[in-house]
Amino acid sequence: MSYEDKIRTVVPYTPGEQPTCTGVIKLNTNECPYPPSEKVKKAVREMDWEKLRLYPNVEAEPLVETWREYNGLKKGQVFAGVGSDDVLSMCFLTYFNSDKPVIFPDITYSFYDVWCEVYRIPYEVRPLKDDFTIDPADYIDSGAGGIVIANPNAPTGAALPLTTIEKIVASNPDCIVIVDEAYVDFGAQSAIGLIEKYDNLVVVQTFSKSRALAGLRVGFAMGCEKLIKYLNDVKYSVNSYTMNYPSIAAGCAAIEDDEYFRDIVARIVKTRENTAKRLREMGFSFADSCTNFLFAKHESADAGYIFEELKKKNIFVRHWNKPRIKDYLRITIGTDEEMDSLINALKELI
Ligand SMILES: *Cc1c(COP(=O)(O)O)cnc(C)c1O
């Protein structure tokens, strides 16, 4: 006899390494290389510390309201969570309660299958095409229990046009379609504008990548009022006070500094294009990226080897020893100086 069989055991998601040593060039978890807006710093400094005595606003106001207005949405169409991982986890728990399998690509954010496992949600993967793009036909009129698409997809960096996303949403009125837009600001079209038209669409975004706030943990779900209510009902049944007072204050300040947000995104996109050109000259190949990373394969050098050797030089990138993607490295776009160091290190290796 043992208690093991009575316990919910899972194989957890493995995040990229967060090295603690100094002098590291960290290109492995798609964080922003620039600091958050000065307005965020000011908001945190000027926060009323005494308020920490009280529970925070249960609806995460004014964060939810500020984000709602910024996106031109209606009251009740926004949900906030502790990073989009928390938001997505709540979405899986709320919207995927069918015996039919939920579907998503074989190569995508590797948290999706983990949430399915932990919540006992049946799922099936749909293989990406050989060029690592999604075949829309796999999702149109799917008859699935639910659909999850990261757009742009990770770790591939490729995006579907909004017209294709709309076809998928429109052809699946009997299930919820979650579009995870963690990287949308770096070059894809957001589906937020479709929320008014489709009551089966949920769009998820995060402040971790394009708004330089991975450490704050802020993410959002946006959808019609009914879907957001269902999501809140589940959230209030698990943990009512997920958004703490400092994140609400700092998150609002980040939204208010739109100029800074646009500026850092433009810088990252410029560095990405420049890095892409240099990597191609060195024998790397990859599809055009709509994100803040490149998913690159070298014509001769082994990805696992490059990954380990870069690490010895204190440059961290991401490598998965998994079928179909073991020849690839996912390289986050850092500052111009960091990318210079990467290119120089690669030149020594290859
Ligand atoms: C980074 C990422 C997330 C989660 O980010 P949070 O920090 O939890 O907001 C979600 N989806 C994808 C595809 C990501 O790459």
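Counting starts at 1 for both ligands and their atoms, following the listed order.
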For Phe207, state whether at least one heavy atom is located under 4.0 Å from any atom of ligand 1. no

Give yes or no for whether the N/O distance cutoff of 3.5 Å, strictly under, is met between Thr206 and ligand 1. yes

Counting both backbone and side chain atoms, is some N or O of Ser84 under 3.5 Å from an N or O of ligand 1? yes

Could you check atom 14 (C) of ligand 1 against the protein and tell me its nearest heavy-atom contact, residue, atom and distance included? Lys209 NZ, 3.0 Å

Ion pair present between Lys26 and Glu17, side-chain N to carboxylate O less than 4.0 angstrom? no

Ligand 1 atoms nearer than 4.0 angstrom to some heavy atom of Arg217 are 6 (P), 7 (O), 8 (O)

Verify whether the ring centers belonging to Phe295 and Phe286 lie closer than 6.0 Å. no

Judged by non-hydrogen atoms, does Asn30 sit under 4.0 Å from ligand 1? no

Return the closest protein heavy atom for atom 7 (O) of ligand 1 as residue, atom name and distance. Ser208 OG, 2.6 Å

May I ask you to establish whether Arg68 and Phe79 are in a cation-pi arrangement, using a distance under 6.0 Å from NZ or CZ to the six-membered ring centre and at most 45° from the ring axis? no

The answer for which part of Asp180 has a heavy atom under 4.0 Å from ligand 1 is side chain

Is there a side-chain contact between Thr271 and Thr335, using heavy atoms and a 4.5 Å cut-off? no

One residue to check: Ala182. Relative to ligand 1, which of side chain, backbone, both or neither has a non-hydrogen atom less than 4.0 Å away? side chain

Give a yes or no on whether the ring-centroid distance for Phe207 and Trp67 is below 6.0 angstrom. yes

For Asp302, look at atom CG and say whether over 12 heavy atoms of other residues, nucleotides or ligands are found less than 6.0 Å away. yes

Before accepting this row, confirm whether a basic side-chain N of the pair Asp263/Lys270 lies closer than 4.0 Å to the acidic partner's carboxylate O. no

With a 4.0 Å heavy-atom cut-off (strictly under), which part of Tyr183 contacts ligand 1: side chain, backbone, both or neither? side chain

Could you tell me which atoms of ligand 1, counted from 1 in the order shown, lie closer than 4.0 angstrom to a heavy atom of Gly83? 8 (O), 9 (O)

Is any NZ, NE, NH1 or NH2 atom of the basic residue among Arg126 and Asp106 found under 4.0 Å from an Asp or Glu carboxylate oxygen of the other? no

